[in-house]
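Values below: every heavy atom of this structure, side chains too, minus hydrogens, waters and symmetry copies. In each ligand, atom 1 is the first atom listed, and ligand 1 is the first ligand listed. Numbering starts at 1 and runs along the sequence shown.
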Amino acid sequence: MSTSANQERLASIGQSGVLRFYDSLDEAGKAKLDAQLAALDINTLPGLVDGYVKNKPKVDLPTDIKPVNAYPHSSDNDEYAKAKARGLELLKQGKVAAFLVAGGQGTRLGYEGPKGEYPVTPIKKKPLFQVFAEQLTAASKTAGKAIPWYIMTSDTNDAATRAFFEKHQYFGLDKSLIKFFPQGMMPAFDKGGDLLLASKDSLALSADGHGGSFRALRNSGALDDMKKRGIEHLSYFQVDNPIVKVIDPLFIGLHDLTGSEMSSKTINKAGPLEKVGNFCIGDGKTQVIEYSDLPESLAMQTNADGTRTFDAGSIAIHALRVSFIDRLTAPGSDLNLIWHRADKKVPFVNDAGELVKPTEPNAVKLEQFVFDAIPLASNPLIYTTKREDEFSPVKNADGNDSPATCTRDQIRLFARWLEAAGVSVPRKADGEPDATIEISPLFATSAEELKTKPLQVKKIEAGQSVYFG
Ligand code: UTP
């Protein structure tokens, strides 16, 4: 797109301000800004500014909100045994791939660099990416077939992510089975709706949310690649949760056998107002209602037996049919996930050309969320799992969902596996394991698998650090 075409387009929507330093830029700077502007869907900007920036978006809650009927957690049931066998069969046939979304900025954690590099395990301090890679190696071995891995990055961390994998020789995985692709970017706006500049030659851009993954899968060619390889299902997970089951044959099998286009795992909430999305049936459609939007009267509601009515928390673990992604993103189909507004501190260049680092939120960022696709799916399935088995994300530098709580939860999990396998684990007065324990996914990925291993250690001593690798 030529400069004058950009100028006209921007003028027509009152956004010429981003070109205020244009004439002073060198050729490379001009080309950079031109390319960013050309990539913007300019026609949609006025609608976004009106609907989300100048005015806070109105949440259209369904009129009729009911709890979801989730598949229960159970270890002993015929349907689940069949589902697990089906999942393993699909894996063996090469019809399942892992899909990691890792395009976020991880601002709350405050780690410089892709979050997947963050050292997360209790003893070896393995990075998150390595934990997932080892799980995939183990799952591929069980399946008897190497499982492809798609990794969504963003312009902010794509090069660094690729370099990290290269430096670590892809953690032993076959490089040809890993496909990185960057997601789309969205511009940040000031509160008046003007586009912000991060520098004289660059818009302030950030990734367009994990809901952008649908578009990115199509636009990057990843979807075509999946179709070529005969992949039918994706096991979707996020970069911050090392105890996720990257591949769960039971969940994938259940998703497949029930004809679900998009399935989700849920856990019982820690409290009525826990800050997680709530799976609900809204006006007949399965969907996630954010904690901030669920009326408190419903959040607090209890059943006759005292249990919470709305207790199905969302943990961002999904199974997705490739045909669903294909259908949603086919040319001409109008995949129109809503945008979510976040008020953030975004550094920007002021009219004097100086970089300003705000101390208060000065800008609006817009993101799409993957769970907003659930109402668009046929037969969406919700499966209940246990928080302590599958969910302990690293989101914050301290407090809840921090490296400290995640380390604690990993140790608790490994201690339970060991105890189930007959190993004695010392416990403190408060019941916490009195040892630092780490089990590599290459050694065992579940309590059941651990039981099949010849364990040299029968008893862990108080204060010991023990690694099973
Ligand atoms: P979060 O919602 O925790 O966002 O992402 P974040 O950007 O990583 O962290 P903060 O909010 O800045 O602290 C949940 C998951 O979704 C991915 C993240 O990489 C993480 O795996 N994600 C998020 C994307 O892939 N793209 C995005 O645009 C946003």
Considering the heavy atoms of [X], write down every atom of ligand 1 situated less than 4.0 Å from one of them.
{"X": "V239", "result": "19 (O), 20 (C), 21 (O)"}
{"X": "Q238", "result": "14 (C), 15 (C), 16 (O), 21 (O)"}
{"X": "K395", "result": "1 (P), 3 (O), 14 (C)"}
{"X": "M152", "result": "25 (O)"}

Step through it carefully: locate the ring centre of [X], locate the ring centre of [Y], and say whether they are under 6.0 Å apart.
{"X": "F165", "Y": "F171", "result": "yes"}
{"X": "F99", "Y": "Y150", "result": "no"}
{"X": "F237", "Y": "F132", "result": "yes"}
{"X": "Y291", "Y": "F310", "result": "no"}

For K191, does the NZ atom sit with more than 12 other heavy atoms under 6.0 Å from it, leaving out its own atoms?
->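 Enclosed.
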
Any non-hydrogen atom of G212 lying under 4.0 Å from ligand 1?
-> no

Test log, rule salt bridge (Lys or Arg N to Asp or Glu O under 4.0 Å), inputs D343 and K365 | CA-CA 6 Å; D343 292 56; K365 283 188 180 181; over 6 Å; no

Identify, for [atom], the protein heavy atom at the shortest distance, and state residue, atom and that distance.
{"atom": "atom 28 (O) of ligand 1", "result": "G209 N, 2.7 Å"}
{"atom": "atom 21 (O) of ligand 1", "result": "V101 O, 2.7 Å"}
{"atom": "atom 4 (O) of ligand 1", "result": "R108 NH2, 4.0 Å"}
{"atom": "atom 8 (O) of ligand 1", "result": "G106 N, 3.5 Å"}
{"atom": "atom 26 (N) of ligand 1", "result": "Q183 OE1, 2.6 Å"}
{"atom": "atom 16 (O) of ligand 1", "result": "H210 CD2, 3.3 Å"}
{"atom": "atom 19 (O) of ligand 1", "result": "G104 N, 2.9 Å"}
{"atom": "atom 25 (O) of ligand 1", "result": "G103 N, 2.8 Å"}

Taking only Lys NZ, Arg NE, NH1 and NH2, and the carboxylate oxygens of Asp or Glu, determine whether E290 and K275 approach each other closer than 4.0 Å.
->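 The answer is no: the pair does not qualify as a salt bridge.
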
Which pairs, with at least one residue in residues 230-259 and sequence neighbours excluded, count as a salt bridge (charged side-chain N to carboxylate O under 4.0 Å, His left out)?
-> R86-D256, K95-E232, K115-D240, D240-K395, K245-E390, D248-K265, D256-R321

Mind jotting down which residue pairs meet the salt bridge (charged side-chain N to carboxylate O under 4.0 Å, His left out) criterion with at least one end in residues 148-159? Sequence neighbours excluded, please.
-> D158-R162

